[in-house]
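Everything on this sheet refers to the single structure shown next.
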Amino acid sequence: MKSIKDVNFKGKKVLVRVDFNVPLDERKNITDDTRMRESMPTINKLLNDGAAVIIMAHFGRPKKGGFEAEYSLNPIAKHLSEMLNKKVMFTQEVLVDKVAGLSSFLEDGDVMLLENIRFYPEETKGDVAFAEKLAKLGDAYVNDAFGAAHREHASTATIARFFPNDKYFGFLMENEVRNLQKLMNNPSKPFTAIVGGSKVSSKIDILKNLAPIVDNIIIGGGMTYTFLKAMGINIGTSICEEDKLDIAKDLIEEMKRLNTKLILPIDHIIADKFDNEANKSNTEGQSIPDGFMGMDIGGKSIELFKNIILESKTILWNGPMGVFEMPSFAKGTFAVAEYIAKATKKGAFSAVGGGDSVAAINQSGFAKDVSYISTGGGAMLEYLEGKTLPGIKAILD
Ligand code: AMP
């Protein structure tokens, strides 16, 4: 993997695609600048080399084609300038030919941010002519936008073909790719995947792809109940996808055939309503009485999962074990976070990804104790589904 670390970009104009799709409040203040901070090492490396940096980023999903104030990168441009402690030329221009005129004035050490790249309708179409125009702005291309790596867009994938010898992963992207490759190619065994979250439907492809690779699949969260119902176990009023019962049955059979252990919760924390203040209790076994819903894994399940996690050498975690947003039902999710952290201390390689699991590991306080937390929700999930990510492929090709 060609790393930007080994290249000196002095005197070059470098086009960098980043993921600055940060959350804003109603007054357009950035509420969490993690994504911006994560690309600073790449941008600073290029600036320290003496390159001029042209940054391409998207924000939200503008639909009209052309400028929409609501999706302007203006607040991001201001924040970037503060973070870099230097002037950022913000083009506010949505005609790439005019941008080309502006970029020709850039000098070494200058930073230019292009207005929301999705204001150009050609971007999301992966338009080749548009990508070529973008490519003319720079001498080299760096992709640091892992969060958009599953999109075959002009600035995330198509553009790379115009830099056959000058295309690179940024540090953030390189780290993601290395860790994902480590996870899926030749992992140390036993390999345990812990998959949770509300629905089986959104995780079917991940489960199918992981089943032949891993030794154990631990299931938790709302998707548990579709599996239990498929096995003929009473689930009360728990969340269940009736139309996915057959798929759950097929997955159970497939895992048997592959000799992959499927571990479902053996008891549950149940509640009489979907409310933090609901009456709750721990079931004796797997069955849930009528009128109650499963909200978290129970104490015996925590013990069972703990033993498997602590014996694992590779661990992947995606999706909470219960309704962890409600403190009454967060115990199972935080226990899993704790045991993954313990296993990591014992030498396991642990990866956490997908929006809610990242929030959960952060809240649990164990984020610093796992090997790798992915920054890209959708991109990580698609990688786990076994899909080729266009943003990665475009650089490796
Ligand atoms: P996902 O986006 O599919 O990963 O699902 C995450 C969501 O699943 C979180 O908001 C959890 O609150 C929810 N969830 C987890 N366990 C349950 C459960 N037992 N019943 C209902 N929702 C759940």
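Whatever order the structure lists ligands and atoms in, that order sets their numbers, starting from 1. No experiment lies behind these values; they were computed from the predicted model shown.
Under a 3.5 Å cut-off, the side chain of Ser312 and the backbone N or O of Phe191 do not form any donor-acceptor pair. Under a 3.5 Å cut-off, the side chain of Asp144 and the backbone N or O of Leu172 do form a donor-acceptor pair.
Under the side-chain hydrogen bond (donor to acceptor under 3.5 Å, both in side chains) criterion, Asn282 pairs with Asp267, not counting sequence neighbours.
Taking 4.0 Å as the cut-off, Lys203 counts as a neighbour of ligand 1 on heavy-atom distance.
Of the protein's heavy atoms, Glu325 OE1, 2.6 Å lies nearest to atom 12 (O) of ligand 1. For atom 15 (C) of ligand 1, the nearest protein heavy atom (residue, atom name, distance) is Gly322 O, 3.1 Å. At the shortest separation from atom 2 (O) of ligand 1 among protein heavy atoms lies Asp356 OD2, 3.4 Å. In this structure, the protein non-hydrogen atom closest to atom 20 (N) of ligand 1 is Ile239 CG2, 3.6 Å. Nearest protein heavy-atom neighbour of atom 8 (O) of ligand 1: Ser198 N, 3.1 Å.
Checked against a 6.0 Å centroid threshold, the rings of Tyr339 and Phe305 do not count as neighbours.
Looking at Gly222 next to ligand 1, an N or O pair under 3.5 Å apart turns up. For a threshold of 3.5 Å applied to N or O pairs, the pair formed by Gly319 and ligand 1 contains no separation below that value.
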